[in-house]
Amino acid sequence: MKRITAIQPPCLIRFEVTDQCLGIEGCVVARGGSYMIERNGDGADIVLTTRYSAYLHPRFLWNPLEKLVTGQLHRHILNGMRSSRSEISCDVRLPAERPPIPERY
């Protein structure tokens, strides 16, 4: 379960994870993240960022696998949003200048 912690124009939504029941809590626990929605022509670009705590060691071995899995999870979530795009509405007003958004998984 997620709880929205902030909504900031232009369509930045931050959240924290309040409950996770995936059966992997001893390995990885999602903590929170954000969605940034930006107009792009007739569509929108959505950047999904998540924060998580990982408990598996050695880290050099598990980090690439965790990055792969979280990337696949992000694609799954964003594809679900794409298929439901007719239900998503956001009045996007881009600022004149904005800092670059780092790619994160």
inquiry  = To the closest 0.5 Å, what do you measure between CG (Asp45) and CG (Asn40)?
reply    = 4.0 Å
query = To the nearest 0.5 Å, how far apart are CD in Gln8 and CD1 in Ile13?
reply = 10.5 Å
Locate the shortest heavy-atom distance separating [X] from [Y]; write the atom from each residue and the value.
| X | Y | answer |
| --- | --- | --- |
| Gln20 | Glu25 | O-OE2, 2.9 Å |
| Val17 | Ala30 | CB-O, 3.5 Å |
| Arg51 | Gly33 | NH2-N, 4.2 Å |
| Ser34 | Leu12 | CB-CD1, 4.0 Å |

Mind checking whether [X] and [Y] sit in one hydrophobic cluster, side chains of I, L, V, M, F, W, Y counted as touching below 4.5 Å?
| X | Y | answer |
| --- | --- | --- |
| Ile77 | Ile46 | yes |
| Leu56 | Val29 | no |
| Leu48 | Val69 | no |
| Leu65 | Phe60 | yes |
| Val28 | Leu61 | no |

Is there a side-chain contact between [X] and [Y], using heavy atoms and a 4.5 Å cut-off?
| X | Y | result |
| --- | --- | --- |
| Tyr52 | Glu66 | yes |
| Glu38 | Met36 | yes |
| Tyr35 | Ile4 | no |

task = Could you tell me whether the side chain of Asn79 and the main chain of Arg75 form a donor-acceptor pair under 3.5 Å?
result = yes
query = With no hydrogens and no angle check, is any side-chain donor or acceptor of Thr18 less than 3.5 Å from a backbone partner on Met1?
reply = yes
task = Decide yes or no on side-chain contact (heavy atoms from CB on, under 4.5 Å) for Thr5 and Arg3, but give the supporting numbers first.
result = CA-CA 6 Å; Thr5 58; Arg3 181 176 71 85; 3.9 Å; yes
